[in-house]
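One-based numbering, in listed order, for ligands and for the atoms of each. The chain is numbered in sequence order, starting from 1. Predicted, not measured: the structure shown is a model, and the values here were computed from it.
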Amino acid sequence: MKDSSSVAAMTTVSLQCLDPKCGAQYPVRDVRSECACGNLLDVRYEWSDFDAEAVKQVWKTRAMSLDPRDRSGVWRFRELIPFLPPEARVVTLREGNTPLLEAPHAADYAGLDLLAFKHQGFNPTGSFKDNGMTTGVSQAAALDKHVVACVSTGNTSASMAAYAAYGGLQAVIFIPAGQIASGKLAQALEYGALTIQVQANFDVTWKLVFHMVEEAGVYLLNSVNPFRVEGQKTIVVEMMEQLAWEAPDWIVLPGGNLGNSSAFGKGLREMKQLGLIARLPRLAVIQAEGSAPLYRLLQRAAAEGRSPWEIGLEPVASPQTLATAIRIGAPVSWKKALRELEATRGVCEAVSEQEIADAKAVIGLCGIGCEPASAATLAGIRKLVAANVIRKSDRVVAVLTGNLLKDPSYTLSYHEGTLALPREGPFDSAQGRQPAAIEPRFGNRPIAVPPDPEAIRRLLARHPAR
Ligand SMILES: *Cc1c(COP(=O)(O)O)cnc(C)c1O
């Protein structure tokens, strides 16, 4: 069998400024999350002698190997993320390997013939953050860093805490007090992270600690870290393998800090460049109405007939949504995400809290389930189909970013009919103002009964076996 040295003979790696006008390059071992000009950096590879068909065979064969790197759904594709020196240690919890699940009921709800969910909630800590954390923490270890830190709306901290603990590093996490789902906080504590709750939202906390963390010599593992993006891009690689390398028409994902949107676009472009896929799918990024700065930028650019680059992103000062994973008003990766939307002829849509809640319940009724932010995908698809942007017959894959169990109180409140909209902030939907509470259109309340056989028999009679 061919090994990786014979299918992708040579690669050179560097860090490069995302702004083509700057184009500054840095060695891959430089510890920096920004270019001197202030823009984010990309990991840039130059592959030579890349044999796409042979690489696909190597990846397939590795799926049967017992090597921990081959058991990982990230490192199995290591020819596409060759930034570590060959002797480096890989910190892996066997992330990735997530299923692509057909969901006819959800397809119906959205108005599509077919819809599949790629469920990143099947990861070791229950979200797609694991795909990027294995690469980020491995790079931290390769750089001899012993302390890693992040600011997080929840899943990044849960994931970083786990990978740091598994790799023998200390984790420091900053979270907005009272604004993360209980499952995520519980994970971070259990995995032993030093957990600092700041009485401010994500954006304020980020501004406050970003430079402080770097000055303290602590390795920053937010999605500004280009090595996290490298791991996350393998989500679409695994997806294409599952689709027998036939790209779908659309890939739909929720957008918060926009790191994942950036990663998907980069992965898709690289796969096309290397001949692994023949064409690019279009990306659709879905934001929550109350924290939709990218959506607003693109709406404004279209209305004014101007370039979004020229207008620039205007942060949402007080972002609001119950989908806390995407409650971000000033997404750090907006330029990268915009670049990828342009490269894939992508779109950005915004959905209301009611739409997210209903879509989440529909995904649950498929036997699949997800956390609130992930459900923005189905809500967004439904809107884009109604607007004829996505056609009924298009092949669509939606990425569910996090596990149902991450945010149990949201789910319980929805079914009990007590899920209330976030308190502050404007919630102007297309239909005018939203009602104060979320209507449980697909609610499923538990039924209390006394320990009385007759009462139980009567209940069973109302639900005849089908
Ligand atoms: C982090 C996260 C998002 C948002 O991803 P970005 O890369 O910040 O846009 C969406 N859903 C879940 C469950 C997340 O954890």
Side-chain angles (χ1 to χ4, degrees), residues 40 98 117-123 125-133 136 150-160 162 173 175-176 179-181 183-185 187-188 202-203 206 221-226 228-233 235-236 251-267 283-288 291-295 313 319 321-338 340-341 346 348 350-351 356 359-360 363 369-380 398-407 410:
L40 295 185
T98 62
F117 289 116
K118 174 116 178 105
H119 205 328
Q120 295 306 113
F122 281 58
N123 265 298
T125 79
S127 84
F128 78 79
K129 300 300 197 296
D130 293 344
N131 296 69
M133 212 47 84
C150 68
V151 182
S152 170
T153 58
N155 280 329
T156 299
S157 53
S159 182
M160 194 190 78
I173 65 174
I175 52 177
Q179 296 181 19
I180 84 168
K184 306 175 187 182
L185 177 57
Q187 285 178 295
F202 175 90
D203 302 298
W206 169 251
L221 277 173
N222 271 83
S223 55
V224 293
N225 184 307
R228 271 193 52 201
V229 171
E230 290 307 294
Q232 284 171 213
K233 103 191 167 187
I235 297 168
V236 286
I251 297 175
V252 186
L253 77 165
N257 225 350
L258 299 172
N260 217 23
S261 310
S262 310
F264 282 21
K266 183 173 192 278
L283 286 179
V285 176
I286 317 296
Q287 301 201 292
S291 51
L294 181 64
Y295 170 77
L313 184 107
T321 171
L322 298 174
T324 47
I326 51 173
R327 185 174 173 181
I328 290 176
V332 286
S333 295
W334 73 269
K335 286 184 183 173
K336 284 189 178 179
L338 181 57
E340 304 309 342
L341 285 186
C348 184
V351 291
I356 292 173
K360 179 174 168 308
I363 295 167
C370 63
E371 70 164 277
S374 312
T377 53
L378 180 59
V399 176
L400 300 179
T401 43
N403 194 285
L404 171 64
L405 295 174
K406 288 282 191 174
D407 195 348
Y410 179 104

Exercise for the section: Only counting residues at least two apart or in another chain, list the ones meeting side-chain hydrogen bond (donor to acceptor under 3.5 Å, both in side chains) with Asn123. Expected result: Asn131
Problem - Pair Lys184 + Glu371: basic N to acidic O under 4.0 Å - result: yes
Exercise for the section: List the steps, then state whether side-chain contact (heavy atoms from CB on, under 4.5 Å) holds for Lys266 with Lys336. Expected result: CA-CA 9 Å; Lys266 183 173 192 278; Lys336 284 189 178 179; over 6 Å; no
Exercise for the section: Determine whether the side chains of Asn257 and Ser333 contain a donor N or O and an acceptor N or O closer than 3.5 Å. Expected result: no
Practice task
Sort out the contact shell of ligand 1: every protein residue with a heavy-atom distance below 4.0 Å, listed by chain and number.
Solution key: Phe128, Lys129, Asn155, Pro254, Gly255, Gly256, Asn257, Leu258, Gly259, Asn260, Ala325, Ile326, Glu371, Ala373, Thr401, Gly402
Handout entry: Polar contact flag, side-chain donor to acceptor under 3.5 angstrom, Thr98-Gln120
Key = yes
Handout entry: Any donor-acceptor N or O pair under 3.5 Å, side chains Thr401, Ser127
Key = no
